[in-house]
2 protein chains.
Amino acid sequence: MGTRWGINRTVAQVHALLFISPKPLNADELVETLAVARSNVSTCLKELQGWGIVKMVHILGDKRDHFECMKDVWDLFRVVLTERKRREIDPTMQMLNECIAESDKTPETDTYTRERLCDLREFFETTSAWYMQIRQWPTSALIKFMQLGDKVLKVLGFGA
Amino acid sequence: MGTRWGINRTVAQVHALLFISPKPLNADELVETLAVARSNVSTCLKELQGWGIVKMVHILGDKRDHFECMKDVWDLFRVVLTERKRREIDPTMQMLNECIAESDKTPETDTYTRERLCDLREFFETTSAWYMQIRQWPTSALIKFMQLGDKVLKVLGFGA
DNA sequence: ATGAAATTTCTGTGAATACTGAAATTACAG
DNA sequence: CTGTAATTTCAGTATTCACAGAAATTTCAT
């Protein structure tokens, strides 16, 4: 499925394998199971470690590095979202701010265009600030909250 | 910024241009502004229409097709999320179900592995069901809700 | 220190994707 | 109809990305 998500195939395969494996795996086990080059596995493991969802562990009496994946899906989700915010949203917001600053100095900028940019900035600010708060909720609260669904609206007293 | 988001550069450019433009644009205007081939613009417009965020409009007295983009950022977000759910999440859930069914018929499957798959399925089920509800909230309610942030936890009576 | 095992870095190749320009098709005015 | 403008499809090219295998580096036991 990895490719459909826009993720490198081998990276997705390594991650999937580590995720479902009951015990940490070493590089050679990944090479054998996935039938890819050793160097490729090395690169993928580095990538996954860069995302903070795979870490190296040592097995007593074994010289080789072993790797294990973060196992809690909710924690996993939080880590990935936070990392994507850092890599994708934050630079976008910075860019947006520069565009808006630029448009302020450029009187011929269409008012409409400037408003669209401000809309976008506001959207990212609102959603980012919200995420930074809920990411700290304990998983149990998050699940209970989600299962309420629409009921939240009534409890909070807005909307039907 | 498009490329960083894993989106085709020209598609992102066309979309950005239509988004900030006060009026619908025709293909030639896009070609001139972005300095890309006519055929490329045609493909990108088709792609964006496939996502449901750009639509064709006609300007009186002008034979050429014009295009305009969905302007409300919250609506835009909803459309994109819904489409991504359909394209990415739904097939993943289906695949997961097949894997779990398969593992039921295969007694030698590690219990741990099966549990990880079920965890994943549950995660997607919970988050998808939640999204299908909140996507129908009016934007005003959604914004008010988000701005509450952590306060929601207290109102609902769980967590600190 | 020395050598073997493990790992990473580097380079070239193949595959996938994006794009252009030409040809084909469609839409429409006269 | 016919011809022109507009648009799309197609085929070839270029660019980007993923990967394998070799070479280089690191790690560690002796």
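Heavy-atom basis, side chains included; hydrogens, waters and symmetry copies ignored. Naming: A, B, ... by sequence-line order, numbering from 1 per chain.
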**Q.** Ring-face cation of B:R116 near B:Y112 (centre distance under 6.0 Å, axis angle within 45°)
**A.** yes

Q: Starting from the 5' end of DNA chain C, give me the residue, B:V36 or B:K63, whose nearest nucleotide shows up first.
A: B:V36

**Q.** N/O donor-acceptor pair under 3.5 Å between A:S21 side chain and A:K23 backbone
**A.** yes

Q) Atom CG of A:L45 and atom C1' of C:dT8: how far apart are they, to the nearest Å? A) 12 Å

Q) Under 3.5 Å, is there a donor-acceptor pair between the A:D62 and A:H66 side chains? A) yes

Restricting both atoms to N or O, compile the protein contacts to nucleotides 21-25 of chain C shorter than 3.5 Å, with distance only.
{"unit_1": "C:dG21", "atom_1": "N7", "unit_2": "B:S39", "atom_2": "OG", "d": "3.3"}
{"unit_1": "C:dG21", "atom_1": "O6", "unit_2": "B:S39", "atom_2": "OG", "d": "2.8"}

Q: Determine, stepwise, if the pair B:Q136 / B:Y131 fulfils side-chain contact (heavy atoms from CB on, under 4.5 Å).
A: CA-CA 9 Å; B:Q136 311 211 49; B:Y131 172 68; over 6 Å; no

Q.
With a strict under 4.0 Å distance from non-hydrogen atoms of chain B, what nucleotide opens and what nucleotide closes the contacted stretch of DNA chain D, reading 5' to 3'?
A. D:dA5 to D:dT9

(Q) For B:E122, I'd like to know if atom CD has over 12 heavy atoms of other residues, nucleotides or ligands within 6.0 Å. (A) no

Q. Do A:W5 and B:I89 touch side chain to side chain, with heavy atoms closer than 4.5 Å?
A. yes

Q: Nearest whole angstrom, please: distance from the P of C:dT17 to the CD of B:E47.
A: 13 Å

Q) Any side-chain donor-acceptor pair under 3.5 Å between B:R78 and B:T139? A) yes

Q) Can a salt bridge be assigned to the pair B:R114 and B:D104 using a cut-off of 4.0 Å between side-chain N and carboxylate O? A) yes

(Q) Would you say the rings of B:F67 and B:F19 are close, in the sense that their centroids are separated by under 6.0 Å? (A) no

Q) Near DNA chain C, under 4.0 Å by heavy atom, which residues of residues 2-28 of chain B? A) B:N8, B:R9, B:T10

Q. Can any side-chain N or O of A:T127 pair as donor or acceptor with the backbone N or O of A:F124 at less than 3.5 Å?
A. yes

**Q.** Spacing between B:M56 atom CE and C:dT26 atom C1', to the nearest angstrom
**A.** 12 Å

